[in-house]
Amino acid sequence: MGISHVRATDPPSSAPPPSSPRDPLAIPAEVKASIKILLVDDDRSLRESCASVLQMDGYSVTLAGRGEEALEMVKRRKFDIILVDLYMSQVSGLELLRAALDTNRDTIVVVMTGNPSVTTSIEALRAGAWDYLPKPFSATHLQVLIGRASHAVMVNREASDLRLQVLQQSTQGEGGGTPLIGISPLFRKAVELSRKVAGTDASVFITGESGTGKEVIAQFIHAHSRRVKKQMVAINCAALPEPLLESEMFGHRKGSFTGADRDKPGLLETANGGTLFLDELTEMSLPLQAKLLRVIQDGVVRRVGSEQPDAVVDVRFISATNRDPQQAVTGGVLRGDLFYRLRVVPIHLPPLRKRPEDISLLANHFLSHYWRHHRQTPDRTPKLSDGAIAFLRSRPWKGNVRELQNVIEHVAVLVDPDHVIEPDDIPIYEEGSSASEGTAEHPAQIVVPDEPYHVAKDRIIAQFEKDYLTRLIARAGGNMSKAARLAKVDRTTLYRLMEKHSILREEDAGAIE
């Protein structure tokens, strides 16, 4: 049995054009060339005919005439698609199927059989076969089936790339995130150090200005560690008041405080076996630092309100701050013993202004991503002109990569398809056109204080809160869940602040005040 009407030397006359616009599953030639197919059959004529058809279509094909030979190949190499005869001596198609999927769950296995039956077909499908191909079959039948399988491979690859990108992104999660893109020596040094330390359980302390991607590096380290199958739990020590931070981190017992109506495990217990990322560690109070140090030393967690140990945890710690931690220790803000326990491996991320060669790479990445995200198509993506790139490289980027990301998202939302982006298309908020006015990024400066300290402090904080909330809700399109995720606060806190400053969503008042 074999391919009907097609010899190994005959081109498949019914083969569709490689990029036919009428075929929704058309596979690009470069993708076909990258797909590795293993074809296993003890019928030499059939396997050579099939190989000829598939190779003419542009696929990379490896042949095996015996099951045991194929079994060794599968152990040594990764194949995207395996086409295997169900009935072979010594090692059967079902045995090879199971071995292939044990080695790589993403492999697509198609079984061929000259004696198809409901029982054997169900058995193969239950064992994980993607489809089966009854003999004899035509070249067209083979091409269509392998084309469908190749499309599935392409989709799986895209999904895998997306998962990897998400792991490498900051957990802001909205839009393009911040993948590890850069060629500057300072940045590559940080990345390589992260890669080296990832495979160990050593505590890492990451420093760098806000927006440089400290949490991105933490995600990268976790994603390349042996703890990747467990969670990486992140907590922002500056976002929560001390009692709430203590409860979130260590958990609490029922009745330990008002509202504690049940026992609740803390994030240390949630991160057991995985990684705990402590962002803005220098903002944690000294009493909580002492309690955290105890957990690092003996691994025992005692929940708030508990009189005895509640759990033993195995956690890897990654910490970060935008301050100078050594100065924080000197100033009594950060415990020295905690700092040195957490700073086994220090990693410093350079500000964007010190890696100008990376700006065009990042800008083009964000533009491509946000165009697909907001326009739902990769086609007719706008381009950054040389002038626009030069303009971006000239900016100070005090908000670093996060600021560049937000600016490019703004551009992607507003420009037209195929547009060549010039400097005038790029929104840049210049500092202080009026010395008496401030923005959310640059609050008003007090040169000569003419009011009491606490009054001035409260006024500036109130103005910051109102400006920040207004911009935040506008960016989230009035979606409070999205706004809360962007701000890393819960919705209750967001509503309380909005009520405090009389800020309404568009759906409530028609406009943001």
Side-chain angles (χ1 to χ4, degrees), residues 171 173 201 203 205 215 218 222 227 230-321 323 325 328-329 332-342 458 461 465 469 480-481 483-500:
T171 53
D201 272 345
S203 297
F205 204 108
E215 192 163 351
H222 177 73
R227 295 174 178 263
K230 297 291 186 177
Q231 292 190 62
M232 174 179 137
V233 178
I235 185 166
N236 188 324
C237 302
L240 300 172
E242 181 178 347
L244 185 55
L245 178 60
E246 182 180 19
S247 173
E248 284 295 304
M249 184 176 296
F250 298 95
H252 61 253
R253 284 294 182 186
K254 180 179 179 180
S256 57
F257 54 85
T258 303
D261 54 358
R262 59 184 176 84
D263 288 349
K264 179 187 174 184
L267 295 181
L268 278 162
E269 292 178 61
T270 303
N272 186 32
T275 303
L276 184 67
F277 176 59
L278 299 165
D279 197 11
E280 302 306 336
L281 177 69
T282 53
E283 303 303 316
M284 183 185 293
S285 69
L286 290 174
L288 283 190
Q289 290 182 32
K291 190 171 181 179
L292 175 62
L293 180 62
R294 172 69 64 179
V295 175
I296 295 171
Q297 289 172 340
D298 57 26
V300 177
V301 174
R302 188 189 298 268
R303 297 179 186 175
V304 175
S306 178
E307 297 180 356
Q308 59 186 9
D310 293 290
V312 176
V313 296
D314 170 25
V315 175
R316 183 196 195 158
F317 291 92
I318 301 179
S319 309
T321 180
R323 301 175 60 175
V329 171
V333 175
L334 178 62
R335 290 179 61 110
D337 47 4
L338 177 63
F339 172 56
Y340 293 116
R341 288 297 294 266
L342 292 175
D458 290 344
I461 291 175
E465 288 179 346
L469 290 168
M480 300 305 292
S481 295
R485 289 197 302 272
L486 287 168
K488 291 189 177 180
V489 299
D490 57 63
R491 284 188 296 174
T492 302
T493 301
L494 211 53
Y495 282 120
R496 178 176 55 78
L497 289 170
M498 289 171 63
E499 182 178 356
K500 173 183 174 182

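No experiment lies behind these values; they were computed from the predicted model shown.
The ring-ring contact (aromatic ring centres under 6.0 Å, His included) analysis of residues 254-290, with sequence neighbours excluded, yields the pairs H252-F257. Sorted by first and then second residue, the pairs that involve residues 282-295 and meet salt bridge (charged side-chain N to carboxylate O under 4.0 Å, His left out), not counting sequence neighbours, are E246-K291, E283-R323.
Here A239 pairs with N236 under the side-chain contact (heavy atoms from CB on, under 4.5 Å) rule; sequence neighbours left out. In this structure, the ring-ring contact (aromatic ring centres under 6.0 Å, His included) partners of F339, at least two apart in sequence or on a different chain, are F205. With sequence neighbours left out, K230 forms a salt bridge (charged side-chain N to carboxylate O under 4.0 Å, His left out) with no residue at all.
Between L292 and Q289 the shortest side-chain heavy-atom distance does not fall below 4.5 Å. Looking only at side-chain heavy atoms (C-beta outward), D279 and E215 come within less than 4.5 Å of each other. Residues V233 and T275 are not in side-chain contact: their nearest non-hydrogen atoms beyond the backbone lie 4.5 Å or more apart. Taking 4.5 Å as the limit, every side-chain heavy atom of D261 sits out of range of all side-chain heavy atoms of K254. Between M249 and L288 there is no side-chain heavy-atom pair separated by less than 4.5 Å. Between I318 and S203 the shortest side-chain heavy-atom distance does not fall below 4.5 Å.
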Show me the donor-acceptor pairs, under 3.5 Å and distance only, between side chains in residues 307-316 and residues at least two apart or in other chains.
from, atom 1, to, atom 2, distance (Å)
D310, OD1, R253, NE, 3.0
D310, OD1, R253, NH2, 2.3
D310, OD1, S306, OG, 3.4
D310, OD2, R303, N, 2.8
D310, OD2, S306, OG, 3.0
D314, OD1, R227, NH2, 2.8
D314, OD2, R227, NH2, 3.4
R316, NE, A202, O, 2.9
R316, NH1, A198, O, 3.2
R316, NH1, T200, O, 2.9
R316, NH2, V197, O, 2.9
R316, NH2, T200, O, 3.2
R316, NH2, A202, O, 3.0

Checking L286 against V333 for the side chain to side chain contact (heavy atoms under 4.5 Å, CB included) test, could you report, in this order, the C-alpha distance in whole Å, the side-chain angles of both residues, the deciding distance, and whether it holds? CA-CA 7 Å; L286 290 174; V333 175; over 6 Å; no
Side chain to side chain contact (heavy atoms under 4.5 Å, CB included), that's the test. Do D337 and L293 meet it? Break it down for me. CA-CA 8 Å; D337 47 4; L293 180 62; 3.2 Å; yes
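Closest non-hydrogen pair, E280 versus C237, comes out as O-CB, 3.3 Å. Closest approach of S319 and L342 over heavy atoms only: OG-CD1, 3.4 Å. Here the closest non-hydrogen pair linking P325 and L334 is O-CD2, 4.0 Å. Closest non-hydrogen pair, G305 versus S256, comes out as CA-CB, 3.7 Å. Between A234 and L267, the closest heavy-atom pair is O-CD1, 4.5 Å.
Summarising the geometry, atom CE belonging to M284 is positioned 7.5 Å from atom CG belonging to L338; distances are rounded to the nearest 0.5 Å.
In this structure, K264 pairs ionically with E248, as a charged nitrogen and a carboxylate oxygen lie closer than 4.0 Å.
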